[in-house]
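Below is one structure; the comments refer to it alone.
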Amino acid sequence: MTRASHPKTPLITAICNAIRRIPRGRVSTYGAIAKAAGYPRCARHVGRALRQVSGLPWQRVLGSGGRISLRGESAMEQRFLLEAEGVRFKGRRVDMKAFEYRFATPGGKPAKKLPRKSALTRK
DNA sequence: AAGATGACGCCCG
DNA sequence: CCGGGCGCCATCT
């Protein structure tokens, strides 16, 4: 298990949590999820979380603009799964206007911004 | 310890 | 619309 289970860093946990909040028939983006989780600049880590943690609604996570970021057959599968739950596409991208899920912001207050440098390894 | 990597994002031509 | 380039950040080699 050198690579296994691991990284349960707060970052991954928060991100998974956010992903789980996306309702069926709706989608979100890597960037938006990272932000909603409280880690604005960590879009890349959303992908990492999806890869490590199983049981997440991974098909609801898209790249900016509502485009599928995966390649090959995984991309086809993602599109298939999304359409199966009612999400519709406009060309190669999802009609975000109609299907993007907006994360609830606590008390109308936007997520706090990360100091710009990671708050994890930091101290 | 240093460099490379990645289910990303944004700006530019 | 598409490709190329640069920035982000925790992990991995």
Side-chain angles (χ1 to χ4, degrees):
Chain A
M1 252 180 100
T2 48
R3 69 178 57 222
S5 357
H6 0 139
K8 295 224 160 190
T9 78
L11 173 58
I12 298 296
T13 302
I15 287 175
C16 289
N17 217 16
I19 293 173
R20 277 186 262 264
R21 295 205 290 278
I22 306 172
R24 185 172 180 286
R26 291 270 155 117
V27 300
S28 189
T29 65
Y30 295 90
I33 289 168
K35 185 176 179 186
Y39 298 87
R41 297 304 179 204
C42 302
R44 290 190 116 138
H45 297 274
V46 173
R48 191 181 301 280
L50 286 170
R51 194 177 171 184
Q52 294 170 30
V53 183
S54 55
L56 296 173
W58 62 273
Q59 71 272 30
R60 298 176 194 152
V61 185
L62 301 165
S64 71
R67 288 185 200 161
I68 287 180
S69 194
L70 287 173
R71 317 250 192 167
E73 307 195 25
S74 307
M76 310 262 293
E77 186 183 352
Q78 180 169 23
R79 178 161 182 156
F80 179 79
L81 290 172
L82 285 176
E83 294 189 313
E85 50 182 75
V87 176
R88 281 181 275 170
F89 287 69
K90 295 272 188 193
R92 312 160 145 98
R93 46 164 103 181
V94 165
D95 180 359
M96 297 306 269
K97 199 130 164 158
F99 301 99
E100 176 169 32
Y101 172 66
R102 302 255 186 161
F103 289 92
T105 52
K109 284 170 184 152
K112 12 173 101 177
K113 302 166 186 182
L114 229 41
R116 249 181 75 285
K117 216 43 171 194
S118 152
L120 295 177
T121 52
R122 177 165 192 227
K123 189 211 316 13

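Reminder, nothing fancy here: chain letters follow the sequence lines and each chain counts from 1. If you're wondering where the values come from, they're calculated on a predicted model, not measured in any experiment. All values below come from the heavy atoms of this structure, side chains included, with hydrogens, waters and symmetry mates left out.
Put simply, CD1 on A:I12 is 7 Å from P on C:dT11, counting in whole angstrom units. Computed from coordinates, the A:H45 NE2 to B:dG9 C1' distance equals 13 Å when rounded to whole Å. Between the P atom of B:dG6 and the CZ atom of A:R71 lies a distance of 11 Å, rounded to the nearest Å. Spacing between atom CD of A:Q52 and atom C1' of C:dC12 amounts to 12 Å, rounded to whole angstrom units. Counting to the nearest Å, the P atom of B:dC10 and the NZ atom of A:K35 are 11 Å from each other. Rounded to an integer number of Å, the gap from CG of A:L50 to C1' of B:dG6 is 13 Å. The nearest whole Å value for the distance from the CD1 atom in A:I15 to the C1' atom in C:dC9 is 11 Å. The nearest whole Å value for the distance from the CZ atom in A:R67 to the P atom in C:dC1 is 7 Å.
Among the atoms of the strands shown, base atoms are found under 4.0 Å from some heavy atom of A:R44.
Side-chain N/O atoms of A:R51 include one lying less than 4.0 angstrom from OP1 or OP2 on B:dA7. Phosphate contact (OP1/OP2 of B:dC8, side-chain N/O of A:T29, threshold under 4.0 Å): absent.
When the nucleotides B:dC10, C:dC9, B:dA7 are ranked by their closest atom to the side chain of A:W58, B:dA7 comes out on top. Considering only the side chain of A:R41, C:dC9 comes nearest among B:dA7, B:dC8, C:dC9. Candidate nucleotides C:dC1, C:dT11, B:dG9 were compared by shortest atom distance to the side chain of A:R48, and C:dT11 ranks first. Side-chain proximity of A:C42 to C:dC9, B:dC10, C:dC1: nearest is C:dC9.
Using a 4.5 Å heavy-atom threshold, the side chains of A:K8 and A:I12 count as separate. A:L62 is listed as a side-chain neighbour of A:L82, based on a closest heavy-atom distance under 4.5 Å.
Within 6.0 Å of CZ on A:R41 lie no more than 12 heavy atoms contributed by other residues, nucleotides or ligands.
A cation-pi geometry, defined here as NZ or CZ lying under 6.0 Å from the six-membered ring centre and within 45° of its normal, holds between A:R79 and A:F89.
Residues A:Q78 and A:Q59 share a closest heavy-atom pair of NE2-O, 3.0 Å.
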